[in-house]
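See below for the structure under consideration.
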Number of protein chains: 2
Amino acid sequence: MAATVKDVAAAAGVGIATVSRVFSGNGAVGAATRERVLAAARELDYRPSAVGRSLKTRRTGGIGLVVPDVTDPFQAELAAGVLACARDLGEHVVLDVSGGDPGREAAIVERMVGQRLDGVVAVPAGDRAPWAAAAAAGGGVVFADRALPGLPDVPAVLADDAAGVASLAEYLLGLGHRRIALLGAAPRGRARGERERAFREALAAAGVAVDEELMVAARPARDSAYAAAAGLLQSRPDATAVLAATHLLGEAAVLVARELDLRVPADVSIAMVGDVAWAELCDPPLTAVARPGRDIGYRACETLLRDRNRRGPAGPVRLPAELVVRGSCGPCRGGRR
Amino acid sequence: MAATVKDVAAAAGVGIATVSRVFSGNGAVGAATRERVLAAARELDYRPSAVGRSLKTRRTGGIGLVVPDVTDPFQAELAAGVLACARDLGEHVVLDVSGGDPGREAAIVERMVGQRLDGVVAVPAGDRAPWAAAAAAGGGVVFADRALPGLPDVPAVLADDAAGVASLAEYLLGLGHRRIALLGAAPRGRARGERERAFREALAAAGVAVDEELMVAARPARDSAYAAAAGLLQSRPDATAVLAATHLLGEAAVLVARELDLRVPADVSIAMVGDVAWAELCDPPLTAVARPGRDIGYRACETLLRDRNRRGPAGPVRLPAELVVRGSCGPCRGGRR
DNA sequence: GTGAAAGCGCTAACAG
DNA sequence: CTGTTAGCGCTTTCAC
């Protein structure tokens with residue numbers, strides 16, 4: 001049984017309030033008394049209970065972090081950023097993964113609210129209801145990496161993917177490519193994402209017509225990504241460059257290209273959004289847009305904890321994404337056919 | 001201000017105990033009364049406070065997880081396993097990263113004990129003091145992925161690296177290699193790790209003498225790994241195979257080999273311990289020993305939560321590591337010189 | 001500077 | 001079945 005203030009007070013021959021003062025730092029305590037208390041505490045191996053304290057102060061000193069999948073390198077970076085900021089600000093972090101499932105996410109958020117965490121940073125799965133509820137319940141919420149439409153009051157910290165994709169598209173265009181495929185477009189009928197919009201705009205700005213068959217959709221899973229890449233590379237040998245919208249899609253493109261014995265970049269140029277560790281290891285190293293996952297996490301946590309009072313800026317914060325040129329893109333040579 | 005049992009009780013016209021019974025599930029409540037309580041709760045947007053409950057029940061329903069770096073793919077897998085098990089058992093997880101720094105780790109553990117978590121799963125940084133203290137304070141501790149000598153009472157769930165390295169070494173030996181370098185041996189004078197011992201034993205069993213200059217040490221950081229790999233590959237062109245003890249070292253070997261224009265596996269065979277995503281993406285795909293990170297995490301958490309009572313087995317649990325043969329190792333062709 | 005007492009939100013006897 | 005009561009460990013007035 002762990003020792004309590006009461007035990008320490010008794011052992012030190014003081015009142016419990018004094019013990020509290022010593023450990024919470026609030027209120028003045030005489031030097032001699034303080035020593036006696038500390039000695040008694042050490043003797044009893046006393047550690048203040050965060051639970052008791054939280055009940056009284058109505059603050060847990062912890063925040064929640066919910067991401068679809070910690071195993072994803074980008075999300076792991078983001079988590080590391082949140083953890084770093086939380087440490088700097090003296091908070092702890094309760095982590096949970098949603099698997100991208102709105103139902104699971106809702107349950108997680110509900111639980112975190114019940115835990116009375118000081119707020120939660122999230123890469124939301126898609127459903128806005130749980131977040132609206134959490135915000136209504138008084139818990140602070142900040143989105144990271146992606147925001148949800150229809151929740152303008154929830155601050156968001158995102159990567160500037162529009163700029164990132166634009167610079168990548170311009171780079172490809174500058175290399176002479178005209179038939180550039182986008183791996184990871186929206187399925188027919190669904191709303192276009194930010195990356196796709198930026199891509200289309202870049203083409204338009206260069207006076208290049210969009211070939212809708214080069215806008216390939218895929219679900220965010222390995223098998224679907226692979227199927228999409230295989231379908232594209234096999235059916236359109238005239239495509240001279242592939243811009244993968246995610247690192248999963250980029251991985252699929254690299255794998256399929258190898259399977260098909262395509263030389264990169266001689267037969268086809270490949271680039272992707274999201275600069276993960278293997279980009280530098282594959283042969284040739286992959287050109288990519290580096291998204292600042294760690295910074296996004298740090299900033300999101302900071303926004304949650306520090307900027308809670310001041311009104312956030314109108315619209316989400318955007319952190320710059322940087323084009324990292326490696327060897328996977330070359331001048332356009334007309335495609336293979 | 002969040003609603004409390006008292007508010008709900010008043011609104012529903014019942015006693016607070018009844019409200020508690022409805023939400024905690026303990027004790028029977030009449031159907032009609034339950035409905036009234038639920039209605040009142042919904043009306044007030046009431047959520048039971050985990051803090052109040054924890055104070056009373058003396059259980060937080062949460063565990064701690066401390067790893068050196070969530071950004072490491074293996075540790076991320078391990079974390080995912082812990083998270084999965086915790087979810088299955090209804091616990092939440094407080095995550096923190098030590099950066100491999102014993103001081104930081106000690107502070108983290110100390111805090112977690114103060115939080116009255118039900119236990120902690122850890123990939124320990126090296127210092128045993130904080131863990132001894134935590135165990136003494138009554139918190140359960142389970143090590144994952146690596147154990148600390150001198151703490152026999154702390155259960156551990158590890159990969160069977162000895163078997164993994166042995167099978168990898170035998171594979172290389174079977175390919176005819178005799179001058180096999182081990183990237184990631186212990187520095188001169190420090191105790192040999194399990195992987196190194198297994199490697200030496202495998203050589204001995206095959207009647208191959210150990211060339212101490214092929215046992216290369218490196219700190220677990222990218223720059224050090226790279227330097228070690230570069231030093232080895234440049235100074236010993238007669239080495240025909242490299243066994244990297246970690247994925248960081250494997251990465252370094254691949255990078256240096258490319259830098260030096262060595263063909264893999266024609267000029268040198270490369271293999272590593274730890275099967276990360278990029279192993280399949282690099283060219284040629286890397287042969288590796290897959291360590292079951294997720295299972296280790298799951299099992300460690302399970303051991304912490306479920307098996308607390310039964311005496312653990314003597315010695316750590318070992319989960320099998322599996323050799324995944326890809327294209328980076330070929331028959332020995334005598335080295336380059 | 002220090003102690004006594006009240007109470008944070010909840011659960012668990014114990015009565016009724 | 002349901003209400004009353006007594007704390008869980010801590011912080012915080014309020015007196016002294």
Side-chain angles (χ1 to χ4, degrees), chain A residues 1-38 40-41 44-62 111-118 137-139, chain B residues 1-38 40-41 44-62 111-118 137-139:
Chain A
M1 197 85 305
T4 74
V5 262
K6 213 189 272 186
D7 302 320
V8 176
V14 301
I16 63 170
T18 301
V19 177
S20 172
R21 288 189 188 100
V22 169
F23 283 96
S24 69
N26 297 344
V29 179
T33 322
R34 142 174 271 108
E35 258 331 304
R36 287 227 311 291
V37 170
L38 256 14
L44 296 171
D45 195 28
Y46 169 74
R47 281 178 193 71
S49 159
V51 180
R53 181 198 308 252
S54 294
L55 185 57
K56 183 65 189 176
T57 60
R58 307 159 115 321
R59 294 197 62 251
T60 51
R111 174 165 187 160
M112 285 180 172
V113 172
Q115 275 177 145
R116 301 295 190 265
L117 293 170
D118 298 345
Chain B
M1 197 86 297
T4 73
V5 260
K6 214 188 270 185
D7 302 320
V8 178
V14 301
I16 62 169
T18 301
V19 177
S20 172
R21 286 188 190 103
V22 169
F23 284 96
S24 69
N26 297 344
V29 180
T33 324
R34 141 173 273 108
E35 257 332 303
R36 287 226 312 291
V37 170
L38 255 15
L44 296 171
D45 196 28
Y46 168 75
R47 280 179 194 70
S49 159
V51 180
R53 181 196 309 248
S54 295
L55 184 57
K56 181 65 190 177
T57 60
R58 311 164 113 303
R59 294 196 63 250
T60 51
R111 174 166 187 157
M112 285 180 170
V113 172
Q115 274 177 146
R116 302 296 191 264
L117 293 171
D118 298 345

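Proteins come first, then strands; the chains are lettered A, B, ... in the order of their sequence lines, and each starts at number 1. Everything numeric in this text was worked out from a predicted model, so none of it was measured.
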Query raised in the report: So what is the end-to-end bend of the helix from C:dG1-D:dC16 to C:dG16-D:dC1, with 5 pairs used at each end and the value given to 10 degrees?
Result: 40°
Query raised in the report: Tell me, which pairs form a side chain to side chain donor-acceptor pair (under 3.5 Å) where one or both residues lie in residues 45-54 of chain B, sequence neighbours left out?
Result: A:Glu110-B:Arg47, B:Asp45-B:Arg47
Report summary line: Taking every heavy atom of A:Arg116 against every heavy atom of B:Ala2, the minimum-distance pair comes out as NH2-CB, 4.2 Å
Report task. Find which nucleotide of DNA chain D each of B:Val14 and B:Arg58 is nearest to by heavy atoms, and output the residue with the more 5' nucleotide. Result -> B:Val14
Report summary line: Tightest non-hydrogen contact, residues B:Ala41 and B:Val8, listed as N-CG1, 4.1 Å
Query raised in the report: Taking atom C1' of D:dC1 as reference, at what distance in whole Å does atom CZ of B:Arg36 sit?
Result: 12 Å
Report task. Can you sort out the partners of A:Asp118 under salt bridge (Lys or Arg N to Asp or Glu O under 4.0 Å), two or more places apart, ordered by chain and number? Result -> A:Arg59
**Report entry** D:dT2 OP1/OP2 closer than 4.0 Å to side-chain N/O of B:Thr33
**Finding:** yes
Query raised in the report: Out of curiosity, A:Leu44 CG to A:Thr4 OG1, how far, rounded to the nearest 0.5 Å?
Result: 9.0 Å
Identify each donor-acceptor pair in which a side-chain atom of residues 21-37 of chain B lies under 3.5 Å from a protein atom, sequence neighbours left out, and give them as a table.
unit_1	atom_1	unit_2	atom_2	d
B:Ser24	OG	B:Ser20	O	2.9
B:Ser24	OG	B:Asn26	N	3.4
B:Arg36	NE	B:Ala12	O	3.2
B:Arg36	NH2	B:Ala12	O	3.1

Requested in this report: With rounding to the nearest 0.5 Å, note down the distance linking OG1 in B:Thr60 to CE in B:Met112.
Outcome: 11.0 Å
Report summary line: B/S/- along nucleotides 11-16 of chain D (protein heavy atoms under 4.0 Å) is BBB---
Query raised in the report: What does A:Val29 touch in the nucleic acid at a heavy-atom separation under 4.0 angstrom: a base, only the sugar-phosphate, or nothing?
Result: sugar-phosphate
**Report entry** Nucleotides bounding contact with chain A, strand DNA chain C, heavy-atom threshold 4.0 Å
**Finding:** C:dG1 to C:dG9
